[in-house]
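We name chains A, B, ... by the order of the sequence lines, and we start the count at 1 in each one.
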2 protein chains.
Amino acid sequence: MKIDFDGIQAFVAIAELGGFSKAAESLHLTQTALTRRIQKLESYLGLKLLDRTTRYVELTAVGREFLPQARAMVLEVTRSIEGLKDMSRHSHGSFSLACVPTMAAHILPEFISKYAEACPGNRIRLLDGTSYEVRNAVLNNFAELGICIQGEHNAELAEIPLFDDRLMFFCRDSHPFSRKESVTWADMSQADLIVVSNMTATRVVMDYQLAKKGIRLSGAYEVQHHATAISLVAAGVGCAILPASTLEEGDRQGVRRIPLVGPVVKRKVVLTRRKKSSLSPAASAFFDLLKGSPLKV
Amino acid sequence: MKIDFDGIQAFVAIAELGGFSKAAESLHLTQTALTRRIQKLESYLGLKLLDRTTRYVELTAVGREFLPQARAMVLEVTRSIEGLKDMSRHSHGSFSLACVPTMAAHILPEFISKYAEACPGNRIRLLDGTSYEVRNAVLNNFAELGICIQGEHNAELAEIPLFDDRLMFFCRDSHPFSRKESVTWADMSQADLIVVSNMTATRVVMDYQLAKKGIRLSGAYEVQHHATAISLVAAGVGCAILPASTLEEGDRQGVRRIPLVGPVVKRKVVLTRRKKSSLSPAASAFFDLLKGSPLKV
DNA sequence: GTAAATATATGCCTGATTCGCAATAATCAT
DNA sequence: ATGATTATTGCGAATCAGGCATATATTTAC
């Protein structure tokens, strides 16, 4: 048998307001309907909850016992449902976003503040990790959205290109190349190179594209994180090849960023989501925000 | 808008069992009906709770968030409703019974054990007090049933006679009257009488009936409780006039109970309930038990 | 790659439910 | 008694929900 939630709601309203008519008004119904709902509920339960004459309404012993429970249930359910409806109406709620650290520092701050403005009160749980981890988080529903480097195609993931992140040459301003307009991959052989680990997506992309041109790169140093590489450059350890997004030219005293050509190598930064999963309103709002904004390098 | 509890229930069932078909079976519905329920719920909420292909069902982020709440709500409501239904089906539950102390000691033990046999697990909250208090407790819904002495008529109360409780003469077996078959009210003038307070219903009934015969009684001692009076008799303080139910002949060493005639005065013990209030199944079962059993003095 | 198997979705119909209006009945207050 | 107030009931209409048959989509197997 079906649970008669409306009946319970009617019972609570009548008990609280002390009459069918008042309760009917508060529920936007006629008192006729309420009479019927209570009758149905009582006959379903097999007991009376309200003693009523045509003139007066009073709780029965059972009704008195049941009222607190009923009240709590009605409150809980309506609150919960209203919360969900609100979630959909105003894109309320929280969601998880997985993101590679570089992008978390580079583009995210701007979008998070835009998002906070559009959807005040919403919280973003930020999971940072490697591209691989980001993609996995999205695939396993640990995060609804991910920002990472485009890698091998995965049928389960939808990827929306955000921007191309060009690889650049980073050196101290005391370096011989520091005044050049651009440097070539061929020039790299003369430099003490700091490169990121070949476990990173950036490195995989780079090696792949260079291999197509027959270029092989060997670095003197290998680090895990872009931020570390920059620090080493600043400290005078050597030069680095890193995505442009790592550091804007002029952002760090004594470090120069120089375009690297022949060929120009880019990694593609993408926004990714699981094809099968629908986005929550909160995530959807963020998704639209990111998708709708043109991004410059 | 009406709260769609069925939808929530469907959602929980599907989420727990991992599919529409299995859930449909557990809810004794077709899978078609479930599809419709979920569609209705989702469109009402304006968001998706389940990502499903024709082949697979998976929770969305929102669905995952909502599931624990939904599960708790469904559980709470069904448990509560089932409890009420059970209450009606098996006269389960507790109720309050108001009773005068004498009767609590005299007839109640028998009925309580009968009741416990018929309705195991049910609890009776026993409120003992004077007849006046008993009637008030019933009138104010502090107790569903009352056992008291019949007094002035009250339109709000229904009274079912249980038995006539005859006034008796109680004395020590050393008393001059102790061997008599009966004593008369006229004999009373020769006795050191212990009577109950004129605040008690027993006394009111007694005085009223004696007054009609032109008899006036004066007691040497006045006590509140029948039990006290008996103790005084046993201690040799004097003789008492008390309802037969106070003590069976032979129940107390050295105390004799002798019929009192000319006239025979009785108080009527009644079972009372509030006319307006319906009885809970638990109280109703007790009511029927009491009403259906012939009672001897 | 195609077919079979499996699970959800949809069209359509039917039966049941629910609602509201109007009229009725019952109670309380004057 | 009478009138005011409030719940109940009869009845018709609209809506809703359920079920059957079928379509559609996806996975698995050969």
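In this structure, the side chains of A:Ser80 and B:Met73 come closer than 4.5 Å at one or more pairs of heavy atoms. Looking at B:Lys40 and B:Asp4, their side chains come closer than 4.5 Å, going by heavy atoms from C-beta outward.
What you find for B:Pro161 and B:Val270 is that their closest heavy atoms are CA-CG1, 3.9 Å. When all heavy atoms of B:Val74 and B:Phe5 are compared, the closest pair comes out as CA-CZ, 3.8 Å. Here the closest heavy-atom approach between residue B:Lys48 and residue B:Val62 is recorded as O-CB, 4.1 Å.
Distances shown here put every side-chain N or O of B:Arg52 at or beyond 4.0 Å from the OP1 or OP2 atom of C:dA7. Checking the phosphate oxygens (OP1, OP2) of D:dT8, a side-chain nitrogen or oxygen of A:Thr35 falls inside 4.0 Å. OP1 or OP2 of C:dT18 has at least one side-chain nitrogen or oxygen of A:Lys40 nearer than 4.0 Å.
Of the candidate nucleotides D:dA7, D:dG18, C:dG20, D:dG18 has the atom lying nearest to any side-chain atom of B:Arg37. The nucleotide whose nearest atom lies closest to any side-chain atom of B:Lys2 is, among C:dT8, C:dC19, D:dG18, C:dC19. Looking at the side chain of B:Ala33, the nearest of the listed nucleotides D:dG18, C:dC19, D:dT9 is D:dG18.
Between the CD atom of A:Glu156 and the P atom of D:dT26 there is a distance of 12 Å, rounded to whole Å. In this structure, A:Asp6 atom CG and D:dC16 atom P are separated by 13 Å, rounded to whole Å. For B:Glu58 and D:dT27, the CD to C1' distance is 15 Å, given to the nearest whole Å. Taking atom CG on B:Leu50 and atom P on C:dA9, their separation rounds to 9 Å, with Å as the unit. For the pair A:Leu27 CG and C:dT18 P, the computed distance is 15 Å after rounding to whole Å. Distance B:Glu25 CD to C:dA7 P: 11 Å, rounded to the nearest Å. To the nearest angstrom, C1' of D:dG18 lies 13 Å from CD of B:Gln39. Residue B:Ile38 contributes atom CD1, which lies 15 Å from atom C1' of D:dG18 at whole-angstrom precision.
Geometrically, B:Arg125 does not engage B:Phe95 in a cation-pi contact defined by less than 6.0 Å to the ring centre and at most 45° from the axis. For the pair A:Arg273 and A:Phe287, the cation-pi criterion (under 6.0 Å, within 45° of the ring axis) is fulfilled.
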What's touching nucleotides 10-12 of chain D from the protein side, N or O pairs under 3.5 Å?
from: D:dG10; atom 1: N7; to: A:Arg36; atom 2: NH2; distance (Å): 3.1
from: D:dG10; atom 1: O6; to: A:Arg36; atom 2: NH2; distance (Å): 3.3

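Here the rule is salt bridge (Lys or Arg N to Asp or Glu O under 4.0 Å) with A:Glu159, and of A:Arg274, A:Lys275, A:Arg135, A:Lys268 only A:Arg135 fits it.
Residue order along DNA chain C, read from the 5' end via each residue's closest nucleotide, puts B:Gln31 first among A:His28 and B:Gln31.
Judged as a salt bridge (Lys or Arg N to Asp or Glu O under 4.0 Å), and not counting sequence neighbours, B:Asp288 has no contacts.
Summarising the local packing, CZ of B:Arg123 is surrounded by 12 or fewer heavy atoms from other residues, nucleotides or ligands at distances under 6.0 Å.
Within the 4.0 angstrom heavy-atom criterion, no nucleotide atom of any strand lies near A:Leu34.
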Problem set entry | Under 4.0 Å protein heavy-atom contacts per nucleotide of nucleotides 24-30 of chain C, with B for base, S for backbone only and - for none | --BBS--
